[in-house]
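A short worksheet on the structure shown next.
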Amino acid sequence: MTGENPMPRSSIEEGMEIEVLENDIRTLRKQLQEKVQQLKALKKHFQKNCITKLNNDEIARYSRQIILSEIGVQGQLKLKKASVLVVGAGGLGCPSALYLAGAGIGRIGILDYDEVELTNLHRQLLHTEATVGLTKVASVQNYLEQLNSQIEIETHHVQLTSENALTILTPYDVVVDATDNVATRYLLNDACVMLGKPLVSGSALQLEGQLTVYNHRSGPCYRCLYPIPPPPEAVTNCGDGGVLGVITGVIGALQALETIKIILSNAGVLSGRLLLFDGQQSVFRNLKLRSKKPDCAVCSTTPTLTKLIDYEQFCGMRATDKDTALTLLEPQERITVREYHDDWLTTGRQHLLIDVRGANQYEMCQLPGTPINIPIEDILHDRRTDEIIAQVQATGDSLPVYVVCRRGNDSQLAVRHLVPLFKERNLPPPRDLIGGLHAWTKTIDPTFPIY
């Protein structure tokens with residue numbers, strides 16, 4: 001009847017309507033995804049069959065660089081036909097891949113074994129909060145395909161190894177080393193030499209960056225300069241030493257520049273030269289490297305290394321840039337965080353805990369109790385070791401000493417340095433907390449900050 005309220009619907013009817021709408025949305029999303037894939041396939045097919053000329057969209061998109069005398073139409077066609085593999089989708093790989101895609105490199109491969117984490121976002125700017133937990137290669141692919149749908153993005157969600165390196169690298173013209181560990185640098189170098197491919201190598205740490213090109217024309221390879229890897233304890237990556245995101249952006253962008261120059265056969269490629277960037281002073285320096293080594297194990301005319309080896313064994317460290325754990329001490333020189341918590345901290349037994357992180361890290365968080373902050377550099381250079389020994393001797397009871405750091409690496413270096421000094425004075429040797437603060441968060445207190 002007019003003017004009367006309609007009969008209320010039952011919750012069952014409303015639930016059925018919601019279910020129908022949700023099914024419709026799922027169907028539409030599936031259809032949309034299918035159309036997107038069809039469009040990508042058509043564009044790839046079109047690109048593969050039109051590599052001898054530029055279409056109107058490409059002329060408009062790349063016009064600002066085509067008008068450069070160093071590029072021109074023929075140079076843009078070279079970029080369109082070229083293929084580049086970016087190894088590492090992190091701080092260096094993101095800006096490098098971004099500018100390669102923007103420049104119109106026809107096929108870009110992205111290789112990374114890792115997933116996106118919150119700690120990545122300050123420098124790895126192709127990833128977002130929405131992609132945390134996704135694979136880095138998928139995150140980068142999604143961004144680049146939205147930037148430039150006319151190029152092909154290939155992904156390799158694997159860790160590069162001696163078993164797969166040659167197969168993965170073979171289809172590409174240039175390789176960009178955007179990794180952060182020594183073992184992979186040697187692996188990429190040797191593989192590129194064996195395949196005859198130039199390697200654009202960058203690195204960034206704290207406020208400094210470096211860039212060079214290996215195995216290009218008559219220039220040296222990585223082994224020419226570093227035939228023997230450094231000891232593991234002498235290597236610092238971004239996870240341990242820190243890095244300002246802008247530094248990786250500068251070096252990554254320059255890696256893209258060197259790659260483009262190689263593809264265009266332009267002059268000025270950083271082969272046989274090392275570019276140093278000091279972000280603190282905003283200064284670039286260009287150093288001449290020594291020439292190709294006549295007896296280089298891999299790139300000489302009579303190489304002794306003719307196949308890829310076990311690079312983790314060769315370098316004495318893992319081929320990843322995450323949580324590299326050193327083992328420098330004997331088991332009796334170490335203690336677990338559980339043992340420390342239960343036997344010393346909880347019981348209130350007197351002891352001395354030394355935190356060897358830098359002052360900035362120490363300010364972020366500290367273990368309960370009253371740890372003393374003495375940075376690892378002060379211990380290794382004997383600037384405050386007397387202070388430690390004096391505190392131990394002041395008790396008259398040979399106070400036990402424990403050493404902690406972020407991951408349990410620097411604490412081992414500190415213990416190894418302190419043991420002889422303690423032995424000279426007949427003091428019980430110090431011990432380190434295995435796994436450091438990371439182990440504390442994982443084992444003792446999940447609310448303790450982790451970084």
Side-chain angles (χ1 to χ4, degrees), residues 90-92 117-125 127 129 132 180-181 203-210 232-252 276-283 321-326 328 337 340 345 352-388 391 401-418 430 432-442 444-451:
L92 297 173
E117 300 176 354
L118 188 63
T119 58
N120 302 146
L121 301 187
H122 90 284
R123 66 195 184 282
Q124 303 177 16
L125 300 186
H127 310 309
E129 293 178 0
V132 170
D180 190 21
N181 70 88
S203 64
L205 184 66
Q206 298 176 350
L207 293 173
E208 298 179 348
Q210 297 183 2
E233 61 269 26
V235 177
T236 303
N237 60 26
C238 293
D240 292 324
V243 66
L244 182 63
V246 176
I247 305 297
T248 63
V250 169
I251 300 301
L276 302 176
F277 175 57
D278 179 350
Q280 181 68 39
Q281 301 298 325
S282 294
V283 171
D321 54 6
K322 297 179 66 178
D323 298 341
T324 301
L326 301 178
L328 305 176
V337 293
Y340 173 73
L345 193 61
L352 179 64
L353 177 63
I354 301 172
D355 189 323
V356 297
R357 294 175 297 152
N360 286 346
Q361 294 187 49
Y362 183 75
E363 188 177 4
M364 292 167 64
C365 55
Q366 311 92 34
L367 288 185
T370 55
I372 299 173
N373 181 218
I374 301 181
I376 181 66
E377 292 82 7
D378 288 342
I379 293 177
L380 297 182
H381 292 90
D382 288 321
R383 287 193 286 262
R384 296 180 63 184
T385 50
D386 288 344
E387 176 184 336
I388 298 171
Q391 290 204 41
V401 175
Y402 297 102
V403 184
V404 67
C405 67
R406 181 184 173 206
R407 291 177 174 170
N409 291 338
D410 285 346
S411 57
Q412 292 185 73
L413 293 173
V415 167
R416 191 171 64 175
H417 184 84
L418 290 172
D432 99 296
L433 270 62
I434 300 172
L437 300 184
H438 278 216
W440 184 270
T441 302
K442 182 178 179 181
I444 305 299
D445 181 6
T447 67
F448 190 82
I450 191 167
Y451 64 97

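Residues take their numbers from the sequence shown, with the count starting at 1. For the numbers below, each heavy atom of this structure counts, side chains included, while hydrogens, waters and symmetry mates do not.
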- Note on the structure: Closest non-hydrogen contact found for Tyr362 with Pro371 is OH-O, 3.0 Å
- Task: Check whether any side-chain heavy atom of Leu121 lies under 4.5 Å from a side-chain heavy atom of His127, and answer yes or no.
- Result: yes
- Distance, nearest 0.5 Å, that separates CD of Gln206 from CG of Asp278: 11.5 Å
- Correct closest heavy-atom pair for Ile247 and Ala204 would be CG2-CB, 3.9 Å
- Item | Among Asp355, Ile354, Val356, the one residue meeting side-chain contact (heavy atoms from CB on, under 4.5 Å) with Ile374 | Ile354
- Message: Looking at every heavy atom in both Ser411 and Asp432, which two are closest together, and how far apart are they?
- Response: OG-OD2, 2.8 Å
- With respect to Val337, which candidate in Ile444, Leu345, Asp445 satisfies the side-chain contact (heavy atoms from CB on, under 4.5 Å) definition? Ile444
- With the side chain counted from C-beta on, respond yes when Glu377 and Arg383 share a heavy-atom pair under 4.5 Å apart, and no when they do not. yes
- Task: Could you tell me which non-hydrogen atom of Thr385 sits nearest to which non-hydrogen atom of Leu418, and how far apart they are?
- Result: CG2-CD2, 3.8 Å
- Task: Output all residues satisfying side-chain hydrogen bond (donor to acceptor under 3.5 Å, both in side chains) with Tyr451, sequence neighbours left out; order by chain, then residue number.
- Result: Arg357, Gln361
- Task: Kindly compute the distance separating CD1 (Ile379) from CZ (Arg416), expressed to the nearest 0.5 Å.
- Result: 13.0 Å
- Roughly how far apart are Glu208 CD and Leu276 CG, rounded to 0.5 Å? 8.0 Å
- Query: His122 side chain to Val243 main-chain N or O, any donor-acceptor pair under 3.5 Å?
  - Reply: yes
- Query: When rounded to the nearest 0.5 angstrom, what is the spacing between CZ in Arg407 and CD1 in Ile450?
  - Reply: 8.5 Å
- Item | Closest approach of Pro449 to Thr441 (non-hydrogen atoms, all atoms of both residues) | O-OG1, 3.8 Å
- Query: Does some side-chain heavy atom of Pro375 sit less than 4.5 Å from a side-chain heavy atom of Arg384?
  - Reply: yes
- Note on the structure: Smallest heavy-atom separation, Val403 atom then Ala414 atom, equals CG1-CB, 4.0 Å
- Message: Go through it in stages, so that I can follow the logic: the residues are Glu387 and Asp378, the test is side chain to side chain contact (heavy atoms under 4.5 Å, CB included), and I'd like the CA-CA distance, side-chain angles, deciding distance and then a yes or no.
- Response: CA-CA 11 Å; Glu387 176 184 336; Asp378 288 342; over 6 Å; no
- Query: Is the closest side-chain heavy-atom distance between Asp180 and Leu92 below 4.5 Å?
  - Reply: no
- Item | Flag side-chain contact, heavy atom, 4.5 Å: Leu353 against Tyr340 | yes
- NE2 of His381 to CD1 of Ile376, rounded to nearest 0.5 Å, is 10.0 Å
- Residues which pass side-chain hydrogen bond (donor to acceptor under 3.5 Å, both in side chains) with His417, listed by chain and number, not counting sequence neighbours: Asp382
- Point-to-point distance, once rounded to the nearest 0.5 Å, from CH2 of Trp440 to CD1 of Ile434: 14.0 Å
